[in-house]
Amino acid sequence: GYMARAWVNFNGTGTVAIRASGNVSSITDAGTGQYGVNFTNAMPDVNYAPVSNSSGRSTAANVTSTSRADLVLRDSAGTLTDYSEVFVAIFR
């Protein structure tokens, strides 16, 4: 069946803090509006469908390796921005 292989709910403002997660070991803060979602258990390949949302704003996620997904958050003007509520799920 198809199911979430990893998911996370985290605070992306100030010190990044994971509120709850499954198969996510940590979040890497790569700069304003840019994060790495690090998996606890590696995926067998990168052919996954990430779904993300941040306080109802534009987000883009991409599974870039078997151990990580990259996330980019933007405001309505397209500027990289941090949000207090960020959600990511990785499906297959």
Run the side chain to side chain donor-acceptor pair (under 3.5 Å) check on Ser26 and Asn38 step by step: do they pass? CA-CA 5 Å; Ser26 63; Asn38 303 299; 3.1 Å; yes
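In this structure, Arg57 CZ and Thr59 OG1 are separated by 12.0 Å, a value rounded to the nearest 0.5 Å. In this structure, CZ in Arg19 is found 5.0 Å from CG in Asn11, a value given to the nearest 0.5 Å. With rounding to the nearest 0.5 angstrom, the OG atom of Ser52 is 10.5 Å from the CG atom of Asn62. To the nearest 0.5 Å, the span separating OG1 on Thr28 from CD on Gln34 amounts to 12.0 Å.
A distance-only check finds a donor-acceptor pair linking the side chain of Ser65 to the backbone of Ser67 [under 3.5 Å]. Distance alone, capped at 3.5 Å, is enough to place a donor-acceptor pair between the Asp75 side chain and the Ala77 backbone. Thr40 places a side-chain N or O within donor-acceptor distance of the main-chain N or O of Ser25, the cut-off being under 3.5 Å. Side chain of Asn23 to main chain of Asn41: a donor-acceptor pair is present (N/O by atom type, distance under 3.5 Å, no hydrogens or angles).
Across every non-hydrogen atom of Ala69 and Ile90, the tightest pair is CB-CD1, 4.1 Å. Taking each heavy atom of Gly36 and Asp70 in turn, the nearest pair found is CA-OD1, 4.1 Å.
Hydrophobic clustering, with ILVMFWY side chains joined whenever heavy atoms are under 4.5 angstrom apart, groups Tyr48 together with Val46. A chain of hydrophobic side-chain contacts below 4.5 Å, direct or via other Ile, Leu, Val, Met, Phe, Trp or Tyr residues, connects Ile18 to Val16.
Contacts classified as ring pair (Phe, Tyr, Trp, His ring centres under 6.0 Å) and involving residues 22-45 (residues at least two apart or in different chains) are given here: Phe10-Tyr35.
The only member of Thr79, Asn53, Val86, Thr32 that meets side chain to side chain contact (heavy atoms under 4.5 Å, CB included) when paired with Leu73 is Val86.
Two residues are said to be in side-chain contact when any heavy atoms from C-beta on lie closer than 4.5 Å; Ile27 and Val37 meet this criterion.
Side-chain contact, Asp82 with Thr13: no donor N or O sits under 3.5 Å from an acceptor N or O.
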